[in-house]
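Worksheet for the structure shown next.
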Amino acid sequence: MALQKETGILLDVDYENIGNESAIIVFLRTKKGIQKFFDSDFRPYFFAKAEQHAGMHFDKKFFLEIHLPENAKILDAEETEKSSEKIWKIFFHNTTDLKIARSVLKEIPGLKVFEYDIPFARRYLIDRGLSPMAGHEVSFEEMHGKKILKKILAFEEEKIPLKIAAIDIETYSPERFSNPQKDPILMISYADEKTGTVFSTKKQLCKSKNCIVSETEKEMIERFVSFLQEKQLDIIVSYNGDNFDFPYFRERSRKLKMEFDIGFENTPMIIRKKGLSDTSARFRGMQHLDAFSMLQMLSRFTVVSLIKYDLESVAKRLFGYEKKKITAKEINKIWETETGLEELVDYNLEDSVFALRIAKTYLQLLIEFCVLAKQDLFDVSRASASQLVEALLMRKAFELNALVPNRPSEDSVSARMQKTYIGGYVKEPIAGLHENIAVLDFRSLHPSIIISHNISPETLNCSHRECESGKNLSPEKDWFCEKKSGFLPMVLKEILGKRIEIKKELKKAKKGTAEYSQLEARSQALKILLNSHYGYLGFARARWYSMECARAVTAWSRQYIREVGQKTEATGFTVLYNDTDSCFLKIPKNKTQEDVKKFVEEINKDLPEAMDLELEGFYKRGLFVTRRESKQAAKKRYALIDFEDKLKIVGFEYVRRDWANIAKETQKQVISTILKDGKPEKAVEIVREKIAELKSGRTLKKDLVIMTQIKRPLDKYSSIGPHVAAALKAVKKGKEIETGSVVEYIITKSGESISEKAQLEEFVKEGNYDANYYITHQLLPAVIKILKELGYSEDDLIQGGKQQKLGAFG
DNA sequence: TAATTCGCTAGACCGA
DNA sequence: TCGGTCTAGCGAA
């Protein structure tokens, strides 16, 4: 049989049971569309190791003769080596047998099993070193119409543009929610990079361009399904399709007795429950990218910072676009009265357009994660920090022929959670307004410490005498081997090296080019992964958990930043502030910026190779304030202005979402006027004006709204704060408030306590606000700390003079 | 249901 | 009605 070749982008790996054998299926996006290849040579397996102290001996015959329930069989057992220790690799015909066998082998005394919970498809990706979303070349044979994969290798040159499109549905909801048992899908929109299409059943829309009108809902869905099948998408985008659109499609299809098979080769959709309320929708071959899940993932990595996740808020925040919202009630009305159908079409389509736009904005970054962690787009776009780190470590462990540690039991998870350790060092700042500041910080402090001191679970407290007192003895008295490179440092060294290389290339590349944005995404992905490893070490559910390692990292971080501080002072600068990896210093009159640069160089000479103190920047002025309830200066709050008059506000109310706009904006203006020209009189004037505005009752709702997240079920609160009180009142009025949602409330005139006065913004009329509250609890607290540093008191801010008491407002 | 610790501030809550 | 303590949320690194 002749060997053929094909190249393409690896989209997905899955498996199928053919007879008794589990066979891997590789989905490759080739120039001819998605193609699938079978690899039946790859067998499911896990490891079993004799526990040394037990003194038991196991041979091949032992494994092959183990009796398993349900006719399950061990295919083969092979003795091999992992981390220079003998270990048995146990093979199976299929994944069902593997699952049965692992629970039996787990119970055999003296035997320990490993890597038994790695899903088969992922096992394949790891063992074959494949990166989803990257180019590959396959060699295959054609047999009975099936393509049998013989070999698969990376093929970097492959550049096929992926077919990506978004979909969105509108549903009928005569009651509070749409119920897929009764309420039909009204419209379905589809948007790709060039075209938009809307499916509906309203005859009036026949003449509208972009509309495909059907007689019935069933026909509409059928036409949509065949439309999608024709498109052969590589990536299908939705906005919350995991929890809404696709489960709704499933329920409606069941009800209408039809199939909803939009996966590759008309395979069905797979809807999985993950947790109590969350689901996910997955297809074969074609990757489902839920832009909503993706944004949540990106916010966990602080790539995006979003307050509310509804499409309108996101469009505003990311693209500055004011998207019109049509509420469920309005949709019903449009549908019933058949007026405004065109607007509904536009709305439906716009949702798809924006879902697509959001997805495309971050696709490059996600693809880099796929390549690094060797996970498909579906998994990566829904992953947590620990999942990504762990995926990367598992693949590295395979490459280095090291055994992957098992997941901890629930008992050891809770035991681990009891243990805590000390974190970074934060120095109390010198309060006040300062001039001529330099900020230094360590580049990737935690990873560089891990590399420099060879911190890793398996190098911890090694048996060498010499290592006990060498350079890798941590301030917490744990030590790390100096003779053998640790697993974690090896991994991080590689990532750090790659990142430095990419940054060099980035300097050569032209801004705005495709190459530039790819390098940028790669650098960002590497940075995120790099910085997630330290937290992972202290994460109780981590396979590579080590509290001692995490503790050592922070202990050294404290030591290094303190040393920088001491040297700073010894050189004649003043340390204004330290937080974990940064040092703020004041440049005295007799020193220059050049002196700072020289000083940084000097420090770097004494640091280990992987560590690097960087000059973050110079600032014209900086402000630190004292805390509200003490004379101490506040940590983690400051404002800086550089020589281009660019403002940097950190930690203050201005950057917090749980403060009203009126307070935040006024605070920003105050900080800005003070830092720009150092004259506070104008700032005082601004505050007085704002107080007058509040008193007059003219302030608009949008400037009074306070946003706070409801973080638990409403009945689980022991202390009822304003946000909970507002939510409870809203629930009584028939509103549904889920855990995790952000409530927007206003402190109104009616009620005694603040909680009593709190009402959701949507139930409050313009002008109904407690001016006294907003002056004394929002505006003044936000600005007084700052103005106090310049010698002003609260009374100075209040128009009308000092004799008036604060309680006089209202 | 999944990275860490450090830190600030508010408003409720509770007992005198 | 007061002052201290606790609950809660969010941000910095």
Side-chain angles (χ1 to χ4, degrees), chain A residues 273-278 297 300-302 305 307 382-390 407-408 410 413 416-417 419-429 441-442 444-446 528-547 549-551 553-555 557-558 561 577-583 616 625-630 632-638 648-659 663 706-712 716-725 742-743 747 752-758 773 776-778 781-782 785:
Chain A
K273 271 237 178 284
K274 22 165 230 186
L276 285 171
S277 59
D278 276 10
M297 177 260 182
R300 287 197 285 274
F301 292 97
T302 62
S305 148
I307 299 166
R382 292 162 180 77
S384 64
S386 69
Q387 282 172 322
L388 274 191
V389 168
E390 205 153 86
R407 282 211 186 99
E410 280 310 305
V413 168
R416 286 173 178 188
M417 291 211 269
K419 292 197 237 169
T420 54
Y421 59 92
I422 302 169
Y425 167 66
V426 190
K427 183 192 183 296
E428 188 192 325
D441 55 21
F442 280 102
S444 303
L445 176 65
H446 293 143
I528 289 167
L529 268 172
L530 203 56
N531 290 336
S532 305
H533 279 78
Y534 149 71
Y536 173 84
L537 275 174
F539 172 49
R541 307 189 109 87
R543 290 175 189 262
W544 277 274
Y545 167 88
S546 170
M547 195 272 279
C549 289
R551 183 170 71 183
V553 172
T554 55
S557 83
R558 295 191 296 274
I561 201 65
Y577 178 53
N578 293 120
D579 188 350
T580 313
D581 61 355
S582 65
C583 183
E616 195 265 342
V625 299
T626 42
R627 279 173 39 185
R628 188 156 165 73
E629 296 294 343
S630 75
Q632 286 158 36
K635 300 166 175 178
K636 297 188 187 283
R637 300 192 150 203
Y638 58 86
K648 189 176 176 185
I649 301 178
V650 178
F652 278 115
E653 286 75 7
Y654 172 68
V655 299
R656 296 180 64 97
R657 67 169 172 208
D658 54 352
W659 280 75
I706 298 165
M707 291 195 265
T708 311
Q709 199 181 8
I710 298 292
K711 302 191 76 146
R712 57 182 75 167
K716 292 281 192 301
Y717 280 92
S718 65
S719 175
I720 311 296
H723 67 299
V724 181
V742 174
V743 294
I747 303 303
E752 283 304 312
S753 68
I754 293 168
S755 282
E756 273 177 47
K757 292 179 181 182
Y773 170 84
T776 59
H777 289 250
Q778 292 277 328
K785 292 170 282 231

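Every value quoted in this text rests on a predicted model; they were computed, and no experiment measured them. Proteins get letters first, then strands, A, B, ... in listed order; numbering begins at 1 in each. In what follows, every heavy atom counts, from backbone to side chain, and hydrogens, waters and symmetry copies are set aside.
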Describe the nucleic acid contact of A/R541 in one word from base, sugar-phosphate, nothing, applying a heavy-atom distance below 4.0 Å. base
Using the P atom as the reference point in each nucleotide, state the distance between C/dC10 and B/dA2 in Å, no decimals. 16 Å
At 4.0 Å (heavy atoms only), tell me whether A/H533 reaches a base, stays on the sugar-phosphate, or touches nothing. nothing
Quick one: A/I710 CD1 to C/dT7 P, roughly how many Å, whole number? 18 Å
Looking across every strand, which nucleic acid part, if any, lies under 4.0 Å from A/H446 by heavy atom: base, sugar-phosphate, or nothing? nothing
Which part of the nucleic acid, if any, lies within reach of A/S532 when heavy atoms closer than 4.0 Å are counted: base, sugar-phosphate only, or nothing? nothing
Any A/K711 side-chain nitrogen or oxygen under 4.0 Å from OP1 or OP2 of C/dC10: yes
Just to be sure I understand the rule, does A/K636 reach a base, reach only the sugar-phosphate, or reach nothing, if contact means heavy atoms closer than 4.0 Å? base
Which part of the nucleic acid, if any, lies within reach of A/Y425 when heavy atoms closer than 4.0 Å are counted: base, sugar-phosphate only, or nothing? nothing
May I ask you to verify if any side-chain N or O of A/Q387 is less than 4.0 angstrom from the OP1 or OP2 atom of B/dA2? no
Mind checking A/Y773 for me? I need base, sugar-phosphate or nothing, with any heavy atom below 4.0 Å counting as a touch. sugar-phosphate
Determine the contact category for A/G535: base if any of its heavy atoms lies under 4.0 Å from a base atom, sugar-phosphate if only primed atoms, P, OP1 or OP2 are that close, otherwise nothing. base
Which part of the nucleic acid, if any, lies within contact of A/F442, taking any heavy atom under 4.0 Å across all strands shown: a base, the sugar-phosphate backbone alone, or nothing? nothing
Looking across every strand, which nucleic acid part, if any, lies under 4.0 Å from A/R712 by heavy atom: base, sugar-phosphate, or nothing? sugar-phosphate
Atom-to-atom span, CH2 of A/W659 to P of C/dC10 - whole angstrom: 14 Å
Would you classify A/K757 as touching base, sugar-phosphate or nothing, given that sugar-phosphate means primed atoms plus P, OP1 and OP2, and contacts are heavy atoms under 4.0 Å? nothing
So what does A/R656 hit on the nucleic acid, given a heavy-atom distance under 4.0 Å: a base, only sugar-phosphate, or nothing? base
Identify whether any heavy atom of A/I422 sits under 4.0 Å from a base atom; if not, whether one sits that close to sugar-phosphate; answer base, sugar-phosphate or nothing. sugar-phosphate
What contact category does A/S582 fall into here, base, sugar-phosphate, or nothing, at under 4.0 angstrom with non-hydrogen atoms? nothing
Per side chain to side chain contact (heavy atoms under 4.5 Å, CB included), A/W659 is matched among A/H777, A/Q778, A/M707 by A/Q778
